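What follows is a short report on a single structure.
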Amino acid sequence: MNGKKNRKALPESIHLKKVKQSIKNRCPGYFQSQAKWKFRIYVEVPNDYKASQYDHTSDTYIKKSLSQRMYRLQDGTMVQRDLYSSFLLYCIDLNTNKIDKNKCIHEFEKQYKNQNETIEYIQMNQIKVMNSGIRVN
């Protein structure tokens with residue numbers, strides 16, 4: 001017997017509600033409105049905010065390949081690309097929507113310490129983080 005014939009058909013109104021709810025939950029606009037409602041600060045970063053390319057130690061933008069997950073800043077400091085990019089997003093000047101170099105300089109040591117502790121924890125606990133560039137023995 002065909003399994004579809006044995007199932008009860010949902011009333012059309014319930015089916016439409018489920019479809020609408022599903023679309024709403026996956027909609028970027030809904031996500032943005034929920035983020036604005038839930039968090040204290042919500043900032044939309046402009047498209048020209050190149051967090052993955054900026055090097056605060058030399059105040060320059062250096063293009064990197066997407067596969068390069070760990071890289072060395074101009075001063076020799078090794079950083080993980082995603083963690084460093086999130087740090088640079090944290091350092092946005094809310095008035096100008098540009099990277100605040102002074103905030104980067106003042107906050108970097110704390111961020112670098114947190115990055116190293118996180119990487120050490122991942123390596124000690126043998127946690128595989130795909131596409132992070134963090135090697136686990």
Side-chain angles (χ1 to χ4, degrees):
M1 282 189 104
N2 189 351
K4 288 183 180 179
K5 289 181 181 178
N6 291 337
R7 279 190 285 186
K8 283 186 177 180
L10 289 174
E12 188 66 25
S13 62
I14 292 176
H15 178 71
L16 284 175
K17 276 185 181 178
K18 288 186 177 215
V19 169
K20 287 179 183 177
Q21 185 70 30
S22 177
I23 291 170
K24 182 180 87 170
N25 289 342
R26 289 170 178 76
C27 175
Y30 179 73
F31 173 77
Q32 289 174 340
S33 68
Q34 289 297 302
K36 287 176 186 176
W37 179 72
K38 288 182 181 182
F39 300 109
R40 207 169 32 96
I41 297 175
Y42 175 83
V43 178
E44 288 191 35
V45 179
N47 290 339
D48 63 346
Y49 192 89
K50 301 172 185 164
S52 64
Q53 298 177 10
Y54 185 70
D55 181 344
H56 80 278
T57 61
S58 63
D59 198 24
T60 58
Y61 290 88
I62 302 166
K63 187 136 178 92
K64 298 158 196 74
S65 68
L66 195 55
S67 63
Q68 189 178 1
R69 307 315 298 169
M70 302 289 285
Y71 66 92
R72 205 170 291 285
L73 298 175
Q74 291 294 316
D75 70 350
T77 307
M78 185 65 93
V79 293
Q80 200 280 339
R81 181 183 184 137
D82 300 320
L83 296 174
Y84 186 67
S85 292
S86 65
F87 165 70
L88 292 175
L89 289 168
Y90 166 75
C91 291
I92 191 170
D93 181 341
L94 297 175
N95 296 323
T96 63
N97 280 345
K98 302 272 187 219
I99 296 172
D100 182 349
K101 185 178 179 193
N102 290 328
K103 186 174 183 180
C104 288
I105 292 168
H106 292 267
E107 300 284 334
F108 182 70
E109 286 303 317
K110 186 169 90 174
Q111 183 275 340
Y112 188 66
K113 180 178 177 253
N114 288 339
Q115 172 196 283
N116 289 339
E117 288 173 358
T118 302
I119 291 172
E120 186 178 314
Y121 177 83
I122 288 168
Q123 290 173 333
M124 285 181 62
N125 292 289
Q126 304 266 323
I127 300 169
K128 188 177 252 185
V129 182
M130 301 301 285
N131 300 321
S132 66
I134 300 170
R135 304 265 186 246
V136 178
N137 297 333

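The structure presented is a predicted model; accordingly, all values stated were derived computationally and were not measured.
How far CD of Q80 is from OG of S86: 8.5 Å, rounded to the nearest 0.5 Å. Interatomic distance, Y84 OH to C104 SG, rounded to the nearest 0.5 Å: 6.0 Å. With rounding to the nearest 0.5 Å, the separation of CD1 in I92 from CG in D100 is 10.0 Å. Remark: C91 SG to H106 NE2 distance equals 10.5 Å, nearest 0.5 Å.
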Residues 70-78, side-chain donor-acceptor partners within the protein, below 3.5 Å, at least two apart:
unit_1, atom_1, unit_2, atom_2, d
R72, NH1, G76, O, 3.0
D75, OD1, T77, N, 3.1
D75, OD1, T77, OG1, 2.8
D75, OD2, T77, OG1, 3.2

Side-chain donor-acceptor contacts of residues 119-128 below 3.5 Å, not counting sequence neighbours, with atom names and distances?
unit_1, atom_1, unit_2, atom_2, d
Q123, NE2, R135, O, 3.1
N125, ND2, Y121, O, 2.9
Q126, NE2, N137, O, 3.4

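Geometrically, K103 does not engage F108 in a cation-pi contact, judged by NZ or CZ lying under 6.0 Å from the ring centre and within 45° of the ring axis.
Residues Y61 and V79 share a single hydrophobic cluster, defined by chaining ILVMFWY side chains whose heavy atoms lie under 4.5 Å apart. In terms of hydrophobic clustering, with Ile, Leu, Val, Met, Phe, Trp and Tyr side chains grouped at heavy-atom distances under 4.5 Å, I99 and V45 are assigned to a common cluster.
Using a 4.0 Å cut-off between a side-chain N of Lys or Arg and a carboxylate O of Asp or Glu, E117 and K113 qualify as a salt bridge.
For Y54, the side-chain hydrogen bond (donor to acceptor under 3.5 Å, both in side chains) partners two or more places apart in sequence, or in a different chain, are D59.
One N or O on the side chain of Y49 and one on the backbone of L88 form a donor-acceptor pair closer than 3.5 Å.
Between S52 and R81, the shortest heavy-atom distance links the atoms OG-NH2, 3.4 Å.
Counting heavy atoms of neighbouring residues, nucleotides and ligands inside a 6.0 Å radius, atom NZ of K64 exceeds 12 of them.
Within the 4.5 Å cutoff, no side-chain heavy atoms of N114 are placed close to those of F87.
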